[in-house]
Amino acid sequence: MRSSWLTANDVSGSFTFGGDPRQPIGAHRRSKGGDKGYDAGKKITGRKRHILTDTDGRLLTVRVHAADFQDRDGGKLPLKGSQQRYPFFTRVFADGGYAGRLVEWAADKTYITLEIIRRGPHAQGFEVLPRRWVVERTFAWIFKSRRLLRDYEQLTAVAETLITIAATATLLRRWT
């Protein structure tokens, strides 16, 4: 018996009749699922990726979350993760989006000095910022993986794992 007329209502397993018979079960509830959001400042819909790299651009920590989080709030995630794995970090460079309360929070909670790299006061258009190019280069290496070019994943944990796998593959290619 074909059950395409049944659609799951919730995780508990209760079922209701209805929905489009041409769609798979539960497909009408969400298009991709997972945490999504909209950031009006950057004009992006979907997710944001926060990474922590060393000075050579090797990926250390990655966190993915909905785009409606502020950068300074999302910046806490990789800093918390790095505190346990890399306790020897004392200074982290970040761009202007992480300025504000995160600087004090990082000093109080993680004992990391967060140094904000800002654009020049009269800069217009593109400007190369010191230390910022390392992170941008790491993002370019990661997004060479076609799977990560678009946001296909439903869960943020899967997206974080695939970013880690792509960074590992890049590191192995560079060493061999």
Side-chain angles (χ1 to χ4, degrees), residues 3-4 6-16 19-20 22-87 89 92-95 97-98 102 105-106 109-110 112 114 132-176:
S3 62
S4 63
L6 297 174
T7 56
N9 223 3
D10 56 9
V11 181
S12 65
S14 62
F15 293 96
T16 59
D20 189 355
R22 296 171 293 185
Q23 293 292 323
I25 294 175
H28 70 281
R29 288 187 298 165
R30 63 190 191 278
S31 61
K32 284 191 177 180
D35 293 334
K36 301 284 176 142
Y38 179 73
D39 183 9
K42 294 184 178 180
K43 295 182 177 63
I44 59 168
T45 302
R47 297 182 177 144
K48 288 184 184 175
R49 297 159 186 91
H50 298 276
I51 63 171
L52 186 66
T53 65
D54 65 356
T55 54
D56 291 332
R58 292 183 290 262
L59 183 70
L60 300 175
T61 306
V62 60
R63 293 294 183 260
V64 178
H65 62 80
D68 54 0
F69 276 60
Q70 291 283 335
D71 283 344
R72 62 180 163 262
D73 295 334
K76 292 178 182 179
L77 301 172
L79 289 176
K80 282 180 188 177
S82 69
Q83 181 184 14
Q84 293 146 359
R85 292 181 86 180
Y86 310 106
F89 278 159
V92 173
F93 299 101
D95 71 347
Y98 296 100
L102 183 62
W105 180 89
K109 303 290 184 187
T110 63
I112 293 175
L114 193 63
R132 171 67 188 247
W133 64 271
V134 175
V135 176
E136 295 299 331
R137 180 184 63 183
T138 303
F139 272 123
W141 287 340
I142 289 169
F143 290 129
K144 281 185 179 179
S145 173
R146 290 182 62 200
R147 174 81 182 238
L148 298 173
L149 194 58
R150 299 283 180 258
D151 192 17
Y152 293 120
E153 310 313 319
Q154 290 187 5
L155 302 175
T156 56
V158 174
E160 291 172 2
T161 303
L162 288 175
I163 289 172
T164 304
I165 290 170
T168 304
T170 300
L171 188 63
L172 288 173
R173 272 195 309 269
R174 288 175 55 207
W175 279 353
T176 57

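In this chain, residues are counted from 1 in sequence order.
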Residues 59-80, side-chain donor-acceptor partners within the protein, below 3.5 Å, at least two apart:
| residue | atom | partner | partner atom | Å |
| --- | --- | --- | --- | --- |
| H65 | NE2 | H50 | NE2 | 2.7 |
| D71 | OD1 | K48 | NZ | 3.1 |
| D71 | OD2 | K42 | NZ | 2.9 |

Side-chain contact test, heavy atoms from C-beta onward, threshold under 4.5 Å: evaluate it for [X] versus [Y] and give yes or no.
X: T110; Y: W105; answer: yes
X: E153; Y: R47; answer: yes
X: F93; Y: R132; answer: no

Interatomic spacing from NZ in K144 to CZ in F139 - rounded to 0.5 Å: 15.5 Å
Say you draw a straight line from CD of E136 to CD1 of I51; how long is it, rounded to the nearest 0.5 Å? 8.0 Å
Of all heavy-atom pairs between F143 and R49, which one has the smallest distance, and what is that distance? CZ-CD, 3.6 Å
For Y152 and R146, which heavy atoms make the closest approach, and how far apart are they? CE1-O, 4.4 Å
For the backbone of R58 and the side chain of D56, can you confirm whether one donor and one acceptor N or O come within less than 3.5 Å of each other? no
Considering only distance and modelled atom types, tabulate donor-acceptor pairs under 3.5 Å from the side chains of residues 161-172, sequence neighbours left out.
| residue | atom | partner | partner atom | Å |
| --- | --- | --- | --- | --- |
| T161 | OG1 | A157 | O | 2.8 |
| T164 | OG1 | E160 | O | 2.9 |
| T168 | OG1 | T164 | O | 2.7 |
| T170 | OG1 | A166 | O | 2.9 |
| T170 | OG1 | R173 | NH2 | 3.3 |

Let me know which of T45, D151, T156 forms a side chain to side chain donor-acceptor pair (under 3.5 Å) with K36. D151
Test S82 against I112 for side-chain contact (heavy atoms from CB on, under 4.5 Å), laying out the working first. CA-CA 10 Å; S82 69; I112 293 175; 4.1 Å; yes
